[in-house]
Undergrad: 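This is the structure I want to talk about, given as structure tokens.
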Amino acid sequence: DAEITQSPRHKITETGRQVTLACHQTWNHNNMFWYRQDLGHGLRLIHYSYGVQDTNKGEVSDGYSVSRSNTEDLPLTLESAASSQTSVYFCASSEPLTETQYFGPGTRLLVL
Amino acid sequence: GENVEQHPSTLSVQEGDSAVIKCTYSDSASNYFPWYKQELGKRPQLIIDIRSNVGEKKDQRIAVTLNKTAKHFSLHITETQPEDSAVYFCAASKAGNTPLVFGKGTRLSVIA
């Protein structure tokens with residue numbers, strides 16, 4: 001069955017380290033999104049992509065980057081991890097016509 | 001840009017009673033309004049959505065209503081059950097493949 005996966009599911013890192021979170025979908029969706037979820041803030045958009053080589057900044061993009069080299073993957077990189085980036089990260093994908101977003105299982109990141 | 005406000009932030013109801021969650025949006029060009037349910041430790045999942053050409057949509061015990069003039073939409077859950085306990089998020093987006101903007105969520109507790 002088609003699905004969307006994230007790895008790792010849990011990550012502990014130190015301040016200043018570079019961290020990459022993986023997102024992979026097998027639906028062949030053009031649209032992919034990264035969100036962070038923090039108590040009291042709901043789901044906030046970090047970056048998104050509408051296709052290969054396309055990337056766009058979201059509401060809270062500072063300190064994060066993404067690249068889209070194929071349809072299936074949208075890795076999220078924290079260039080220099082900060083304690084403020086401790087959060088749960090969700091990846092999602094959708095097709096433009098339906099707009100329904102399907103979320104991955106999430107990655108829980110702790111920055112010490 | 002779009003801003004989505006969601007109320008209440010927490011809601012407790014007795015099993016069998018109805019629950020109503022309300023959202024307002026700021027951009028009159030928004031035309032797609034999904035609702036997501038997130039159980040503890042799980043990913044958000046779409047439960048129902050509505051588009052601006054429809055005033056109401058029902059799916060078994062769940063219904064969504066939309067008032068374009070007032071720019072608000074609501075989720076109605078009837079005959080609530082303990083398994084309805086979760087965090088519910090509303091969202092809005094415009095036509096033209098724009099990202100969803102989420103409300104901050106409502107934690108619904110159904111008391112048996």
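Chain letters run A, B, ... following the sequence lines, proteins first and then strands; every chain starts at 1.
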Undergrad: What part of Q37(A) gets within 4.5 angstrom of chain B, counting heavy atoms only: side chain, backbone, both, or neither?
TA: side chain
Undergrad: What part of Q6(B) gets closer than 4.5 Å to chain A, counting heavy atoms only: side chain, backbone, both or neither?
TA: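 Neither part; nothing is under 4.5 Å.
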Undergrad: Does a sphere of radius 6.0 Å around CZ in R44(A) hold more than 12 heavy atoms from other residues, nucleotides or ligands, not counting ones at 6.0 Å or beyond?
TA: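 Yes.
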Undergrad: Decide whether Y25(B) and I21(B) are clustered together by the hydrophobic rule: side chain heavy atoms of Ile, Leu, Val, Met, Phe, Trp, Tyr closer than 4.5 Å, transitively.
TA: yes
Undergrad: Heavy-atom distances under 4.5 Å only: say whether L43(A) touches chain B with side chain, backbone, both or neither.
TA: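 The answer is both parts of L43(A).
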Undergrad: Any chance CD of E83(B) has more than 12 other-residue heavy atoms, nucleotides or ligands included, within less than 6.0 Å?
TA: yes
Undergrad: Quick check: are there more than 12 heavy atoms from other residues, nucleotides or ligands sitting under 6.0 Å from CG of L112(A)?
TA: yes
Undergrad: Which atoms form the tightest heavy-atom contact between G104(A) and R43(B), and what is the distance?
TA: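 Of all heavy-atom pairs spanning G104(A) and R43(B), the closest is O-CB, 3.1 Å.
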Undergrad: Among the options Y102(A), F90(A), F33(A), pick out the one with the most heavy-atom pairs lying under 4.5 Å from chain B.
TA: F90(A)
Undergrad: Using a cut-off of 6.0 Å, state whether more than 12 heavy atoms not belonging to R61(B) lie near its atom CZ.
TA: yes
Undergrad: Give, as side chain, backbone, both or neither, the part of S93(B) having an atom under 4.5 angstrom from any heavy atom of chain A.
TA: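 For S93(B), the side chain is the part near chain A, not the backbone.
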Undergrad: When you group the ILVMFWY residues by side-chain heavy-atom contacts below 4.5 Å and let the links chain together, are L108(B) and V20(B) in the same group?
TA: no
Undergrad: Between chain A and each of P99(B), P34(B), A91(B), G41(B), count heavy-atom pairs under 4.5 Å; write down the option with the most.
TA: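 It is P99(B).
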Undergrad: Between N56(A) and chain B, which part of the residue has a heavy atom less than 4.5 Å away: side chain, backbone, both or neither?
TA: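 The answer is neither part of N56(A).
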Undergrad: Does K37(B) have more than 12 heavy atoms from other residues, nucleotides or ligands lying within 6.0 Å of its NZ?
TA: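 Yes, enclosed.
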Undergrad: Only pairs of heavy atoms separated by less than 4.5 Å count here; which of V87(B), L100(B), L46(B) has the most with chain A?
TA: L100(B)
Undergrad: For the CG atom on L110(A), are there more than 12 heavy atoms of other groups (residues, nucleotides or ligands in this structure) within a distance under 6.0 Å?
TA: yes
Undergrad: Between T100(A) and Y32(B), is any pair of side-chain heavy atoms under 4.5 Å apart?
TA: yes
Undergrad: How many angstroms lie between atom CZ of F103(A) and atom OH of Y36(B), to the nearest 0.5 angstrom?
TA: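 If we round to the nearest 0.5 Å, F103(A):CZ and Y36(B):OH are 5.5 Å apart.
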